[in-house]
Amino acid sequence: MKIQAVKGTRDFYPEDMARRNFIIDGWKTASIRNGFAEFDGPIFEYLAMYQQKSGDEIASQLFAFEDRGERMLAIRPEITPTLARMVNQRINTLPRPIKWFSVPRLCRAERPQKGRLREFFQWNVDIIGVDDCLADAEVIFCAVDYLMAAGLGSDDIIVRISSRRLLASLLEYFGIEESQLDKVYAVLDKKAKVPAEAFEKMLEETISDADKREKVLKLMAAESLVELEEFAGNDEKAKLAVDELKRLFEYLNVMGITEFCKFDIGIVRGLAYYTGIVYEIYDKSQQLRAICGGGRYDNLLADFGGPKISATGMGMGDCVLGIVLEEKGIFSKVGVYGACEYFVAYADDSLRNDALNIVAKLRKAGKVTDFSYKGGGLGKQLKQASTVGAKECVLVGQEFAEKKQLIIKDMASGEQKAVSDADFFALIKR
RNA sequence: GUGGGUGUAGCUCAGCUGGCAGAGCACUAGAUUGUGGUUCUAGGGGUCGCGGGUUCAAACCCCGUCACUCACCCCA
């Protein structure tokens with residue numbers, strides 16, 4: 001019976017693994033550079049933990065199972081609940097602000113499509129215990145800092161930023177009832193995804209009052225914060241929300257990433273738990289789904305039985321990001337075998353043990369070293385050295401047997417020189 | 001959950017009106033027993049997704065089925 005990989009999963013052959021590591025190493029380095037500490041939790045948790053937040057409907061998209069103790073468990077579809085659980089458990093002893101990151105492997109039983117699989121990696125960066133939008137600015141900076149380090153610029157990506165609080169207060173100010181907000185959000189979220197006519201029709205079905213609808217349409221056309229101030233009028237809540245956004249953009253400006261950032265009132269995000277600033281990062285071509293999404297979720301810890309402490313964070317999956325890096329040609333620079341520093345080749349089988357001895361010495365000196373099991377002529381071995389991308393070859397030939405001399409060959413230039421093995425290892429050790 | 005597309009060598013795919021199962025890349029070996037990348041030559045590798053039907057004859061036509069994939073729905 002031929003077994004194949006499960007739908008929506010990936011096999012990571014060495015060349016794929018090189019790309020995956022390129023992404024994940026970049027994430028970790030950027031996180032640490034920005035002052036975040038790494039955490040992780042178990043790969044499965046109680047099913048109830050995810051149901052509690054997301055409802056039964058979401059449970060059908062979980063990989064859930066029962067263990068032998070009749071516990072209902074689920075493979076983690078996100079790590080935020082685990083983060084909330086872990087922080088709550090030690091809330092009184094953790095120094096604040098809590099700046100944590102994680103790169104969990106996650107599973108969601110959805111229909112796979114471009115940029116979305118059933119198993120993937122997601123970089124999460126969170127700041128807990130800071131009310132000020134400076135924390136939001138720092139999370140955004142961290143994401144942009146990574147993307148820049150990976151080789152993407154403001155011509156490639158855009159951070160679209162809005163505020164749930166602003167939208168909620170303005171909609172309320174317009175006279176839309178609070179109970180209707182979630183439905184309206186769902187429609188507004190479609191603004192950039194459907195044609196203008198279709199959008200207006202959807203809005204018509206949701207908001208019956210033509211006057212209110214007109215206001216909402218005008219609001220959605222707003223392109224700057226200045227315009228929003230006019231909408232807010234004298235409404236205190238709306239003004240506060242606009243002020244917060246203005247402060248956020250000021251921080252982003254001071255941090256020098258304004259060119260990446262754009263106010264976009266169409267950013268709503270489907271997730272119910274966002275409470276304030278929300279944002280998504282997109283490929284500039286806009287052909288792909290979001291690379292990254294995040295925002296403020298001030299009720300999260302409380303929802304999981306903890307104190308009411310504010311939090312903000314973002315998540316970035318490896319699937320869409322991988323497509324973008326591929327399209328921009330960034331992956332082509334990621335080598336698979338590039339690490340091999342020395343390849344030791346021997347001219348004759350009688351020199352094999354000498355070669356092996358040299359291999360061992362090089363490895364003990366910390367050098368990435370390889371050699372041929374088969375031997376069979378220098379030509380063969382040099383070919384193998386090329387295949388594994390060796391930088392230099394150490395040739396062990398008759399001159400080694402006679403006078404302990406090695407030939408060091410630079411594989412890029414082809415130049416080679418003879419040195420005594422004592423000199424060679426003295427050079428290596430420094 | 002809905003709709004489209006595709007299943008042929010390890011990979012990417014060609015295969016006409018039904019008539020011996022193909023190419024490129026990759027792999028292995030040789031040209032080259034003390035010098036790699038290039039080149040040339042040869043070789044290995046197939047349940048044509050699976051099951052049934054039509055036919056003298058099916059990768060090709062028909063029916064069914066499975067898998068993958070793309071787009072919707074949804075998106076924590």
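None of these values were measured; they are calculated from a predicted model. Letters A, B, ... mirror the listed sequences (proteins, then strands); counts begin at 1.
- The distance from atom CG of A:Asp410 to atom P of B:U35 is 19 Å, rounded to the nearest whole Å.
- The nearest heavy atom of RNA chain B to A:Ala412 and to A:Gly397 marks one nucleotide each, and the one closer to the 5' end goes with A:Gly397.
- When ring centroids are compared, A:Phe65 and A:Phe44 come within the 6.0 Å threshold.
- Looking at heavy-atom distances under 4.0 Å, A:Gln416 makes contact with a base.
- Nucleotide B:C75 holds its P atom 23 Å from the CD atom of A:Glu119, rounded to whole Å.
- Annotation: ring pair (Phe, Tyr, Trp, His ring centres under 6.0 Å) contacts of A:Tyr342 (sequence neighbours excluded): A:Phe424.
- The distance between the ring centers of A:Tyr373 and A:Phe371 falls below 6.0 angstrom.
- Taking A:Pro307 as the reference, A:Asn88, A:Ile91, A:Ile309 meet the side chain to side chain contact (heavy atoms under 4.5 Å, CB included) condition, with sequence neighbours excluded.
- No engagement by A:Gly376 is indicated, since no non-hydrogen atom pair under 4.0 Å with the nucleic acid exists.
- Among the protein residues, A:Glu399 comes within range of the nucleic acid bases, having at least one heavy atom under 4.0 Å from a base atom.
- Computed from coordinates, the A:Ile407 CD1 to B:G34 C1' distance equals 8 Å when rounded to whole Å.
- Remark: A:Lys212 engages no residue in a side chain to side chain donor-acceptor pair (under 3.5 Å) (not counting sequence neighbours).
- Partners of A:Glu45 by side chain to side chain contact (heavy atoms under 4.5 Å, CB included), not counting sequence neighbours, listed by chain and number: A:Pro42, A:Met49, A:Tyr50, A:Thr82, A:Arg85.
- The gap from the C1' atom of B:G46 to that of B:C61 amounts to 23 Å, rounded to the nearest Å.
- The same atom, C1', is picked in B:C60 and in B:G19; the two are 11 Å apart, to the nearest Å.
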Grab the N/O contacts between the protein and nucleotides 26-29 of chain B below 3.5 Å, and write none if there aren't any.
residue, atom, partner, partner atom, Å
B:A29, OP1, A:Lys374, NZ, 2.7

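- Regarding A:Met411, its CE atom lies at a distance of 9 Å from the C1' atom of B:U35, rounded to whole Å.
- Comparing B:G10 with B:G49, their P atoms sit 13 Å apart, to the nearest whole Å.
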Open item on the list: Counting Watson-Crick and G-U wobble pairs with both distances under 3.5 Å, what is the dot-bracket string for RNA chain B, 5' to 3', using [ ] for crossing pairs and | for pairs to another strand?
Closed with: (((((((..((((.....[..)))).(((((.......))))).....(((((..]....))))))))))))....

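- By the salt bridge (charged side-chain N to carboxylate O under 4.0 Å, His left out) test, A:Arg296 is found to be paired with A:Asp136, A:Asp298, residues two or more places apart in sequence or in another chain being considered.
- Side-chain N/O atoms of A:Gln384 and base N/O atoms of B:G37 include no donor-acceptor pair closer than 3.5 Å.
- Comparing the same atom, P, in B:C11 and in B:C48 gives a spacing of 16 Å after rounding to whole Å.
- With rounding to whole Å, A:Arg108 atom CZ is found 7 Å from B:C75 atom C1'.
- Every residue meeting the salt bridge (charged side-chain N to carboxylate O under 4.0 Å, His left out) condition with A:Glu110, not counting sequence neighbours, appears here in chain and number order: A:Arg116.
- Only the C1' atoms considered, B:U8 is 14 Å distant from B:A58, to the nearest whole Å.
- Residues A:Asp132 and A:Tyr251 have side chains that bring a donor and an acceptor to within less than 3.5 angstrom of each other.
- For A:Lys28, the salt bridge (charged side-chain N to carboxylate O under 4.0 Å, His left out) test picks out A:Glu38, with sequence neighbours left out.
- For B:U33 and B:C20, the C1' atoms lie 43 Å apart once the distance is rounded to whole Å.
- A:Leu378 places its CG atom 9 Å from the P atom of B:G36, with the value rounded to the nearest Å.
- In this structure, A:Gly379 reaches the sugar-phosphate backbone alone: every heavy-atom distance under 4.0 Å involves primed, P, OP1 or OP2 atoms, never a base.
- Partners of A:Lys404 according to the salt bridge (charged side-chain N to carboxylate O under 4.0 Å, His left out) rule, which considers only residues two or more places apart in sequence or in another chain, do not exist here.
- Nucleotides B:A9 and B:C25 are separated by 12 Å at their C1' atoms, to the nearest Å.
- Between the P atom of B:A76 and the CD atom of A:Glu110 lies a distance of 9 Å, rounded to the nearest Å.
- In this model, no side-chain donor or acceptor of A:Ser386 finds a partner on the base of B:G37 within 3.5 Å.
- A side-chain hydrogen bond (donor to acceptor under 3.5 Å, both in side chains) check over residues 93-102 of chain A, counting only residues at least two apart or in different chains, returns the pairs A:Lys99-A:Glu138.
- Taking atom P on both B:U35 and B:G43, the two are 27 Å apart, rounded to the nearest angstrom.
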Please tabulate, one pair per line, each protein N/O and nucleotide N/O from nucleotides 64-71 of chain B that are separated by under 3.5 Å, including the distance.
residue, atom, partner, partner atom, Å
B:A67, O2', A:Gln4, NE2, 3.1
B:C68, OP1, A:Lys7, N, 3.3
B:C68, OP2, A:Lys7, NZ, 3.4
B:A71, OP2, A:Lys114, N, 2.9

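- Inter-residue side-chain proximity for A:Ile281 and A:Met314 is flagged as unmet; no heavy-atom pair is nearer than 4.5 Å.
- Atom P of nucleotide B:C75 and atom CG of A:Leu106 are separated by 18 Å, given to the nearest angstrom.
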